[in-house]
Every structure is written in C-alpha cells, then in structure tokens.
Amino acid sequence: MKILVAVKRVIDYNVQVRVKEDGTGVVTENVKMSTNPPDDNAIEEAVKIKESGKAKEIVAITVGEDKAQETVRKALAVGADRGIHIKVDGTIEPLAVSKILQKIVDKEKPDLIFMGKQAIDDDCNQTGQMLAALLNWPQATFASKIEVKDKSLEVTREVDEGLETIEVNIPAIVTCDLRLNEPRYASLPNIMKAKKKPIEQINGSELGIDIKPRIEQIKVEEPPKRKAGIKVASVAELVQKLKNEAKVI
Amino acid sequence: MSVLLIAEHNNNEVRPFTLNAITAASQIDQDLHVLVIGKKIDAVSKSISEIPNVKKVIAVDNEIYENYLAENFTPVIIKHSENYSHIVCSANTFGKNLMPRVAALLDTSQVSDIIKVISPDTFLRPIYAGNAFATVKSNDKKKCITIRPTSFDPAQTSGGSAEIIKAEKEEATSLTKFIKREEVKSDRPELGTARIVISGGRGMASGENFKLITAIADKLNAAIGASRAAVDAGYITNDHQVGQTGKVVVPDLYIAVGISGAIQHLAGMKESKIIVAINKDGEAPIFSVADYGLEADLFEALPQFLEELNKLNTIQK
Ligand SMILES: Cc1cc2nc3c(=O)[nH]c(=O)nc-3n(C[C@H](O)[C@H](O)[C@H](O)COP(=O)(O)OP(=O)(O)OC[C@H]3O[C@@H](n4cnc5c(N)ncnc54)[C@H](O)[C@@H]3O)c2cc1C
C-alpha cells in the first residue's frame, strides 16, 4: 500500500498572530513557521501503518512557496520515504489545492491519502473533503482512530454528538484530529538521513489547472477587544457580582 | 437569487443550529428553501415548514440517509442546487464534513464559518483561531457557505406554513458504511446553545474531580465544557471540548476552571458575554479575557462556589 500525506506550512501555533496595520493580512515576516499541527498526526499515522507492515511507501506532499519544502523535509525526517513540492506563490485556496492533489493522485496512484482536518491559519476545513469529491473517494473526516483492514479502514470520527465509527473502502481519504496519535520527534540521525531523501519539485503553473483565487480578501482586521475585567477577592464577592452586577445567575 | 439551506436533524427533530443557520441564510436572501434529507423525516419537514423565514421545504426521504453520510447527501444537494445562488449549512461537524464535498463538485471555492453577512457576496469570517477577522468577497457564481451558528440568533419556529415538496432519492454509495455512533446522552442543556457553560481544564487533575463542576452545573442548569488538555487526559469525552478544534460557545456566562487560556481555547469562548476565570496562577492568560477573575485553588473555590449558590434565594434558569 502507498500512502500520500499532504502537509502545509503555517504560522506556528504558539505565535500570537498580529494583524498588519494596512489591513492586508497578518504579519508573517520574522515569524516562526511550522507544519500545521494535525498534519503531523497524519504523517505519524502513516509511519505507524508502515511500521506495522501494512504500507510500503509514504509520500509527503506540500503545495506552496519555496520555504514550504521545510514541512516535507520534516515529514521525511520522521519516516516519509520521498517528497513532492508543488511550487505555488501567493494565496492558494483549498479548492485549488485539492485540484492540484487530484493531478498528483492520478500520477502517484496512492491507496490512502491522509492530511490534517483543518489548517490553523485559514481554519477552512475543506481540502480533504474536496479532494474526496473530485476523486469520488470515500472520506473519513476528523479521525481519532484508524484501523487498517483488508480492503477498508475502520475510522472513529470526532463529531459534535460524540464519536462515530464508519468503514471506508480503500482507496480513501482521512482527515486527522490531534487526538489520533502522539507525533514523534525526529532524531538527529534521521534529520541527517532525511536530507538525502528526494523531493521532486513541480511548478504549479505547469499542471494545467486554474488555481487563481475565487475569493477576494477585502480586508483583515483585529477582532474587537474585550474590555478589561477585574479580580475578585473571594468566592462570595464573585457570586454577589454575578448576581447583582452582571445579572447572569 | 434563492438560498438552499441543508437542514441538520436527527431524523426525529431539527437540530438547534439549523435555526441559527436559517437566520443567517435569510439575511443573504429572503427566498429561502430548506432541503431535508433523512429517513422518516415527515415530522422534521413539518416543523421546518412552520418556520416563518422558510418559503419552501424539499424533503428527500429514504433509509440510505439515516446516518447523514456526506457521500450520500452530496448527490441530492447537487441535483437540487441548480436554481440556487447560495447553498448554506451550519459550520459544525455536520456541515464541515458535508459542504466542501458539495462545493468541489460545483467548482466553487467555499466560504467557511461566516460570522456576519455583509452583502449576498461579502462575509466576515474569523481566521487564525479568531485572532483576525477577514472580510471576504466570493466571486463564484454559485456560493457555498457555512455559518458559525453562535454568531446568529435562532429563527422563530412557529407561524409559517411553507409548502413541502417530496423529491426522489439519488444513488447510494457502496464505498462508505456507517457502523455506530456513541452519543453521550444527557439531560443538561446542549453545550452549543446553553445560557451558562462551566468548563474544566487540566487543573481539574482527574475525571473524578469533574464532579465538583457537575454539582455547580446542576445548580445553574449549565452545560459542561472542557479544554483539549482535559479531553486528551481522558477526564471527559470529546464532545465537551471548546476551542479552535472543538466547539464554539457564546453563552451569557462562561466559567473557566483550571484552564490557562491558550489562544486555541479562547477561540471557542471569548465572545461569551460574561467570562469568569478561576485559576491559581495569577499570570494565567485566561485572566486577560475574564470579566471576573478569581485567583484561587479550584479545589477550595468550587465547593465554596456551590455553598454560596445554595445561599441564594433565586437562581435564573
Ligand atoms: C492545533 C491546535 C488546536 C488546539 N485546539 C484546542 C481546542 O480546541 N481547545 C482547547 O482547549 N485547546 C486546544 N489546543 C490546546 C491548547 O494549545 C492548550 O494546550 C490547552 O488549551 C491547554 O489546556 P488547559 O488550559 O486545560 O491546560 P494547561 O495549559 O496545562 O493549564 C492548566 C491551568 O490550570 C491551572 N491550575 C492547575 N491546578 C489548579 C488548581 N488546583 N486550582 C486552580 N487552577 C489550577 C494552572 O495554573 C493552569 O493555568 C490546541 C492546540 C493546537 C496545537
């Protein structure tokens, strides 16, 4: 079995994001970037499946500017076998990413595709489902457990009501929740080894698909600030304030 | 221009967020039709037809739709999408799972999780866990939109009488099979719509200790929430998680207990009207969004809290 894992480079989750003064976006200069957190879970799950003997090859893929290669390199350091970087500059929407991935799937013919359930920058939560639609594959979104069977996967999904279990035929797409597993750290020797693993670079403009944004970003602004609150000295004071000042209980 | 809203329901009842989505959808255009797909949905269709904002209900009733598989819902939505300028549903796990599959087949770039309708093609949506708000204009002919339910009031549920039209099923998928759903049943108000939410974090130190929270929730008729750390540690089930990758709540009162206030948690609760934080670390970031902060050990504060509530003559329900 072959597993394709899609990873995205985003502002690190620990960074306090700041809005640019001119309203054109958020500040990304000199800001720490990392792999989108649930994409790490997607890679980890693929590696675990390979370690169990059920997969032969893991291909990590990213779509983005030159620096996005870092995320593929990191995936190679924790166990992916080779990488693909689709070079695209500027804004690229989930619909365009899924069309690009569809092209690569036609060529690579993976059995499974894993990725994070949402990217923590645009918070769109679309790419996996869109790719599943374009390929007419089954989708198992928000996965917190995956069991590989003979010709299918049994996937536990985190939904609003609790947990749901579905079975999807292979080939299938899974979008991963952070609770799927505990991503490993790359060891130094593996980071060194990863430097020798191949990353194929493909220019996005050569794929023959329209990837122009359909959504115009008119402005980006700071959310309204909450007004400063107070500290109360005791539980009794807290309850009194909630009752008589805020009038919420 | 007409809007097609995909109803979320459990085959017996309309799920509450459908009502919030209806409010948002009717702000896009008054000609709002609702597509109800499910199994034995006569009662659901009827109650939706009574919502005054709804002009028409299309019901597609078949056992293959019992478990809301996106693979089965999508062909029905595509089939009916033709006459509509907008396809909308709520941005909860139902809509998040479903809408992108529809959007891709319509070759539309979806606008996810809107919090405001500025005009029929322009919307406000949070990005970066709510640390920025983006105003976006969709240039696709047909627009696919998901709606953050807590940003819109629920629609009125009675007084209307829209016509109900029955439509045929589409082909069922053989690729995906539903196996089971483990729903956590409770008599408490739902987390997403409760007037009061009390949430526990890693500071609770065990699942057992959540009984301190439960006792107060009982008293206040509150829903119980949690941080991701508390869910990860197994103190409480995933359906309680509040935050960027969990649920968004906007109650009148949110009480955060033993929660540090990471941005990913704040993303799910910082629009609450009144926020209370109980934390023993006076520097915890949660205090920066709290209207009332109590720097205290939760194991002392929570029993006292219950005691003080017991002293009150009346408590709003
Ligand atoms: C991509 C991504 C998505 C995420 N999504 C979410 C999400 O949706 N929701 C979410 O909540 N988190 C989310 N997180 C995790 C988030 O970053 C934090 O790790 C998490 O919110 C921390 O939970 P916590 O506040 O309970 O734990 P901690 O940060 O460990 O805080 C525990 C707090 O309890 C206090 N405390 C301890 N003991 C006591 C006591 N006896 N009395 C009083 N106070 C006490 C401590 O002072 C501390 O402030 C996400 C992270 C990532 C990377």
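Quick caveat, the model's predicted, so the values are computed rather than measured. Proteins come first, then strands; the chains are lettered A, B, ... in the order of their sequence lines, and each starts at number 1.
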Heavy-atom donor-acceptor pair, [X] side chain to [Y] backbone, under 3.5 Å:
{"X": "A:Gln139", "Y": "A:Gly128", "answer": "no"}
{"X": "A:Arg214", "Y": "A:Glu93", "answer": "no"}
{"X": "A:Asn181", "Y": "A:Asn41", "answer": "yes"}
{"X": "A:Lys99", "Y": "A:Ile211", "answer": "no"}
{"X": "A:Lys117", "Y": "A:Leu178", "answer": "no"}
{"X": "B:Asp291", "Y": "B:Ile275", "answer": "yes"}
{"X": "B:Gln316", "Y": "A:Lys247", "answer": "yes"}
{"X": "A:Glu154", "Y": "A:Lys149", "answer": "no"}
{"X": "B:Arg148", "Y": "B:Pro126", "answer": "no"}
{"X": "A:Asp210", "Y": "A:Lys212", "answer": "yes"}

[X] portion near chain A, given a 4.5 angstrom heavy-atom threshold:
{"X": "B:Thr245", "result": "both"}
{"X": "B:Ile274", "result": "both"}
{"X": "B:Leu294", "result": "both"}
{"X": "B:Glu190", "result": "neither"}
{"X": "B:Lys180", "result": "both"}
{"X": "B:Lys143", "result": "neither"}
{"X": "B:Glu71", "result": "side chain"}
{"X": "B:Asp107", "result": "both"}
{"X": "B:Gln264", "result": "side chain"}
{"X": "B:Thr146", "result": "neither"}
{"X": "B:Thr122", "result": "side chain"}
{"X": "B:Leu124", "result": "side chain"}
{"X": "B:Thr173", "result": "neither"}
{"X": "B:Ala301", "result": "both"}

Is [X] close to chain B through its backbone or its side chain, or both, or neither, when contacts mean heavy atoms under 4.5 Å?
{"X": "A:Ile11", "value": "side chain"}
{"X": "A:Pro223", "value": "both"}
{"X": "A:Arg157", "value": "side chain"}
{"X": "A:Gln118", "value": "side chain"}
{"X": "A:Thr175", "value": "neither"}
{"X": "A:Ala96", "value": "neither"}
{"X": "A:Val19", "value": "side chain"}
{"X": "A:Lys225", "value": "neither"}
{"X": "A:Asn136", "value": "both"}
{"X": "A:Val248", "value": "both"}

Determine the minimum heavy-atom distance between [X] and [Y], stating which atoms define it.
{"X": "B:Ile179", "Y": "A:Glu167", "answer": "CD1-CB, 3.7 Å"}
{"X": "A:Met33", "Y": "A:Arg9", "answer": "CG-NH2, 3.3 Å"}
{"X": "A:Ile120", "Y": "A:Val10", "answer": "CG1-CG2, 3.8 Å"}
{"X": "B:Pro251", "Y": "B:Val197", "answer": "CG-CG2, 3.8 Å"}
{"X": "B:His9", "Y": "B:Arg15", "answer": "CA-CG, 3.4 Å"}
{"X": "B:Ile78", "Y": "B:Val102", "answer": "CD1-O, 3.8 Å"}

For chain B, which candidate among [options] shows the most heavy-atom pairs at distances under 4.5 Å?
{"options": "A:Pro138, A:Ala172, A:Gly229, A:Ser98", "value": "A:Pro138"}
{"options": "A:Val17, A:Asn125, A:Asp121, A:Val168", "value": "A:Asp121"}
{"options": "A:Gln129, A:Arg226, A:Glu222, A:Lys231", "value": "A:Arg226"}
{"options": "A:Gln240, A:Glu161, A:Gln126, A:Arg18", "value": "A:Gln126"}
{"options": "A:Leu153, A:Val155, A:Val220, A:Leu95", "value": "A:Leu95"}

Out of [options], return the one with the most heavy atom pairs under 4.5 angstrom to chain A.
{"options": "B:Arg125, B:Gln241, B:Lys177", "answer": "B:Lys177"}
{"options": "B:Lys311, B:Gln304, B:Gln244, B:Lys273", "answer": "B:Gln244"}
{"options": "B:Thr237, B:Val231, B:Leu309", "answer": "B:Val231"}
{"options": "B:Asn238, B:Leu105, B:Ile127", "answer": "B:Asn238"}
{"options": "B:Thr314, B:Ile315, B:Leu98", "answer": "B:Thr314"}
{"options": "B:Tyr292, B:Phe94, B:Phe287, B:Phe178", "answer": "B:Tyr292"}

Practice item. Determine, for B:Phe123 and B:Lys116, whether the Lys NZ or Arg CZ falls below 6.0 Å from the six-membered ring centre while staying within 45 degrees of the axis. Key: no

Whether B:His265 and B:Tyr254 hold their rings parallel, tilted or perpendicular, with breakpoints at 30° and 60°
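Aromatic pair B:His265/B:Tyr254 classed tilted.
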
Exercise for the section: Please lay out, stage by stage, how A:Ser34 and A:Asp12 fare under the test side chain to side chain donor-acceptor pair (under 3.5 Å). Expected result: CA-CA 5 Å; A:Ser34 309; A:Asp12 185 83; 2.5 Å; yes

